[in-house]
Structures are given as C-alpha cells and as structure tokens.
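The structure under discussion appears below in the form of structure tokens.
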Amino acid sequence: MDMTQVNVPAETQTATLHLPGQPPFDMAVTVGTENEHAFDVTQLRSNTGYITLDNGYGNTGSCTSAITYIDGDKGILRYRGYPIEQLAVNSSFVEVAWLLIYGELPTPQQLRRFRQLLTEHEMLHEGLRHHFEGFPPSAHPMAMLSAMINASSCYHPELIENDDEENFMASAAKLMSKVRTIAAFSFKKSLGQPIVYPHPEKSYCRNFLHMMFSIPYAPYEPSPEVLGAFMKFLILHADHEQNCSTSTVRMVCSSGANLFASVAAGVCALWGPLHGGANQSAIEMLQKIYASGESVKTIVEQVKEKKFRLMGFGHRVYKSYDPRAIILKQALQDLLKRTGQEDPLMDIAMELEEVALTDDYFISRSLYPNVDFYSGLILRNIGIPVNMFTVMFAIGRIPGWIAHWYEQRRSGGRIFRPRQVYTGATERNYLSIEERNGCANDLGCDAAYLRGI
Ligand code: CMC
C-alpha cells in the first residue's frame, strides 16, 4: 500500500507530501525558465524526520543555475541560452569562455581585454616549471594536471586570499591560460622533448597546438581544418551543467575553497572512465576491436551479454542523440575529407553506431553515441596521443568549471553536506582482542603485540 503521496497542483506552486502518521507537509515549487519543476525539500528532515534517497542523484537538483540548459529527451544543449550548434559554427573558444563565465557574449573591448589577460598569464613561473622534474616520465597527464593546478595557486597567494571582481577575472584568466601551458609541458615531458614556451602573438588554440607540436627550429603551424576541428572540440566540451566533475567543483567551492583547489578536484573527478576518461576508453576499445579483427556484430553481442560497456555510448541525461556527438561526427568527417586522411577506427565507429542504433538492447535503453564517441577520433587525427585525451576534455571544461565556481561562490549557498541512510551495525560493545574469534590464547596470540604495546 502506498502511503506516501506527493501532490503538486500547478496553480498553487506548492507540493504537498503525505507521509504515514504525519500531517501534510507543504513544499515550495520552483519553476525554471524552461519550465522545469522541482519541489524544495530543504525543510523536510527538520519537519518530518525523513530525508530523500536518490542513488546517483538522478533526481536531485543540487542548485539553481543560469549557465547551461540541457533537454536530454530532445537532444538540446544551450550555453546561456545560445544553441550549441550556433556557437560551434560562429564563436571562438575564448568568446564562449567569457559567455559562460559572465553570462553575455563579450563586447569587442571585453574580448580584447580577456585575450590580453590570457596572453599575460600564459607563462609558468620557473619555480613551477621545475615541478615537472619530479614526475616520472610514465606519469598520467591527468595526475600531473591536477597536481600542477593546485601547485600553481601557491605562486599567486593574493588570488586565493581575495576573490573580488578584479582578482576573480585575473584568477580565471590565469587558470585558463596556465592549464593549456601545463598540459603542453606535461606532453613534452612525457616525450622527453624540450619544453616549447607559449608565443604571445598566437591565439589561444593556435598557441596550445604550437606548444604541443613545435620543436626547436621546426615551428608547427596547424592547418585551418585542424584548428577548426580543435576549436569545435573545446567549445563543445566547455560546459555540461551538473555533471560529476562540475558538481565536484561546486561542492569543493561550497566549503569556501579557492578556484584553483576546486578545479583541481574537478580534474580528478573528470578522469574516471565513466566521465571524461571515456574518450580515452572509447579509442582504446576501437583499437582493440581493430587489432582483434572481430566483427562489430560479435562485439555488440558481447556488450549485450554485459561483458563490457560500449564506451562513448549512453548518457545519464541524453535519452536521444547527444547533440555534441552530432557536431563532432560531422567535424571529424570534414577533417578527414579535407586533409585526405583515412582512419580505420572511424569505419569501425560508424559500423558500431549503425549496428547499435538498430538493436533492441540499445533502443530500449535509449543508448546513443555521446560526446566521447567521436571526440577521441578527432583528437587522434589532430595528432594528440591517447593518454592526453582526457586532459583535452579538461582544457575544454575549464570555462564551465570557472563559471560554476563563480555562480556557486556568489550564490552565498550553504556548504554541500548530503545525508545518508545508515545501514551498518547498531550499537555494540568493544571486544578485547583475546575475546575475538580465531584469536584464543591457545593459538599463540600475543595480545600485547597485537595491541601495539
Ligand atoms: N554500453 C552498454 N550498456 C549500457 C551502456 C553502455 N555504454 N550504458 C548504459 N548501459 C546499460 C546498463 O547496463 C543498464 O542496463 P540494465 O538496465 O540492463 O541494467 C542501462 O543501460 C542503464 O545504465 P546505467 O548505468 O543505469 O545508466 P547511467 O545513467 O547510470 O550511466 C553512463 C550513464 C554514461 C555512465 C553509462 O551510459 C556508461 O557507462 N557509458 C559508457 C561510458 C561513457 O561513455 N561515459 C561518457 C559519458 S558522456 C561524457 C560526460 O559528460 O561524462
């Protein structure tokens, strides 16, 4: 018998919860600008003793936010109201960063100022540069990135102590600019090549590719196709509302932690293969399929038997085609066509997509390609090594993390502190070591030794 009911009469904008043996409990309803409804459970526990339980937070709004809107059923993604399809074609990554952080497209003066700041802050302090020497050549670039972001804040204590508007803009520019330099330096370190310093006259994306691929006396100049595909990649990764890493950034921020510490935590959350690490896993999966020579049909059967997941497929929010995957697939096809490159992994990916999208297992679970299915193929065809893929995602996501940190900080919200339903042992008395199973004195237990005396 269901004794718990929630009634939400739209006209009153109040939801009423009926719990067994309790008077009705009214909760305010919040309606977003895209008509999303939520009832506010902030006072639930103090008034009823109940909490909500939501494994994986699929139904929990941790904040209100004006940054990014997703409609997962319709495949819609908008930054500050602007459709991602328009931004991917018309905008630049730096412009999108400003839009996400400050809410409006920048004026020419604002864009110029922001670009200047990015150039001013592109160098790493020499002391910080020496930190790279401490990492072994096999260190994963995501570990280096997270550590170096935190380390870089040690060189700018003034930004940590004070986050007024001027300092915030400097922090945002420093972080966005230095992350690119750190990523490229860690790549050079892994190759054992000399570090290539940033070039102040190059734009954000061009400068990054220069630091990655130039070598002394052989400067690298990306083709317009490569530059365009890379810029699209970054724009499409710039924000995605309350995903695992962004929620991590907001959670760390809620304790009062500074921007650098919060974003370093976000990098760690992104690393996992179910999140940003999926772009690396997706390519590794395609490489394995290619090397094994197994048919795509066999692979799909194995996925259906739950032997492994199809990486780059499925999404918590999108129950239709991820709009970012549509744009990246097209960008990849354009890149390959214009450069005349061929990639056997692209053929496997397209076949996998075709087989999966006509199979009932995938249809019934609404599993479509997500952003990571084609993004790795773009990176690979630009020349980025596989272990740097998730770092590329992080570079793209930095503006989103900054925007969410800023929104969270300015909201004056409470520290994030979820509850739990405890399922462990109830109260019990301490047992001395002699009293515990398997440790009787006749077995030769030295109680004093075990107690560490
Ligand atoms: N391949 C095969 N089956 C899948 C997949 C997949 N990629 N994703 C979900 N399923 C199945 C899952 O086994 C479950 O089946 P059943 O109902 O029989 O138990 C059902 O679909 C629902 O899965 P779920 O784990 O409850 O879904 P979720 O919303 O918790 O997980 C996800 C979302 C993205 C973690 C998951 O789809 C996944 O693991 N995908 C592969 C990893 C990946 O590509 N991650 C990148 C996400 S996009 C980038 C980002 O923003 O992070």
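This structure is a prediction, so every number in the text was calculated from the model and none was measured. All residue numbers in this chain count up from 1 along the given sequence. One-based numbering, in listed order, for ligands and for the atoms of each.
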- Distance-only, no hydrogens or angles: does the S186 side chain make a donor-acceptor pair with backbone N or O of A183 under 3.5 Å? yes

- Do S65 and E407 meet the criterion of a side-chain donor-acceptor pair at a distance under 3.5 Å? yes

- Less than 3.5 Å between some nitrogen or oxygen of K306 and one of ligand 1, yes or no? yes

- Would a line drawn from the ring center of F233 to the ring center of F393 be shorter than 6.0 Å? no

- Proximal ligand 1 atoms for H275, defined as those under 4.0 Å from one of its heavy atoms: 46 (C), 50 (C), 51 (O), 52 (O)

- Query: Going by the atom numbers of ligand 1, which of them fall below 4.0 Å from some non-hydrogen atom of G312?
  - Reply: 43 (C), 44 (O)

- Starting from atom 40 (N) of ligand 1, locate the nearest protein heavy atom and write down its residue, its atom name and how far away it is, to 0.1 Å. F313 O, 2.9 Å

- Would you please say whether a donor-acceptor pair under 3.5 Å links the side chains of W405 and S262? yes

- Closest to atom 17 (O) of ligand 1 among R365, H240, R397 (heavy-atom distance): R365

- Under 3.5 Å side-chain donor-acceptor pair for E294 and T298: no

- Message: Under 4.0 Å from atom 27 (O) of ligand 1, can you find at least one protein heavy atom?
- Response: no

- For the ring pair Y368 and F313, is the centre-to-centre distance below 6.0 Å? no

- Would you please indicate if the ring centroids of Y220 and H210 are separated by under 6.0 Å? no

- Query: Are the aromatic ring centres of H240 and Y318 under 6.0 angstrom apart?
  - Reply: yes

- Query: If you draw the axis of the six-membered ring of F416, does the NZ or CZ of R250 fall within 45° of it and under 6.0 Å from the ring centre?
  - Reply: no

- Going by the 4.0 angstrom heavy-atom rule, the piece of L367 near ligand 1 is side chain

- Task: Pull out every atom of ligand 1 sitting under 4.0 Å from any heavy atom of A278, numbered as shown with elements.
- Result: 43 (C), 44 (O), 45 (N), 46 (C)

- Nearest option to atom 6 (C) of ligand 1, as decided by whichever heavy atom of L310, T246, N55, V371 sits closest: L310

- Heavy-atom contact under 4.0 Å between N243 and ligand 1? no

- Message: When you measure from the side chain of S320 to the backbone of D73, do you find a donor-acceptor pair of N or O atoms at a distance under 3.5 Å?
- Response: yes

- Query: Is it the side chain (CB and beyond), the backbone, both or neither of Y361 that lies under 4.0 Å from ligand 1, heavy atoms counted?
  - Reply: side chain

- Query: Any idea which protein heavy atom is nearest atom 34 (C) of ligand 1, and the distance to it?
  - Reply: G314 O, 3.7 Å

- Query: Backbone or side chain, does any N or O of F393 fall under 3.5 Å from an N or O of ligand 1?
  - Reply: no

- Task: Ignoring hydrogens and angles, tell me if any N or O in the side chain of R129 forms a donor-acceptor pair with the backbone of L124 under 3.5 Å.
- Result: no

- F362, any N or O under 3.5 Å of ligand 1 N or O: no

- Item | E120 and Q116 side chains, donor-acceptor separation under 3.5 Å | no

- Task: Specify the protein heavy atom at minimum distance from atom 48 (S) of ligand 1: its residue, its atom name, and the distance to 0.1 Å.
- Result: H315 CD2, 3.4 Å

- Message: Measuring from atom 39 (O) of ligand 1, which candidate in K319, R309, H237 has the nearest non-hydrogen atom?
- Response: R309

- Among non-hydrogen protein atoms, atom 42 (C) of ligand 1 lies closest to M311 CE, 3.5 Å

- Numbered atoms of ligand 1 (with element) below 4.0 Å of R316, judged on heavy atoms: 28 (P), 29 (O), 30 (O), 33 (C)

- Message: Quick one about E305 and Y361 (side-chain donor to acceptor, distance below 3.5 Å, no hydrogens or angles considered), yes or no?
- Response: no

- Task: Flag atom 22 (C) of ligand 1 as yes if some protein heavy-atom distance to it falls below 4.0 Å, otherwise no.
- Result: no

- Item | Ligand-side contact atoms (ligand 1) for residue partner D372, heavy atom cut-off under 4.0 Å | 46 (C), 48 (S), 49 (C)

- Message: Is it the case that ligand 1 has an N or O less than 3.5 angstrom from some N or O of L274?
- Response: yes

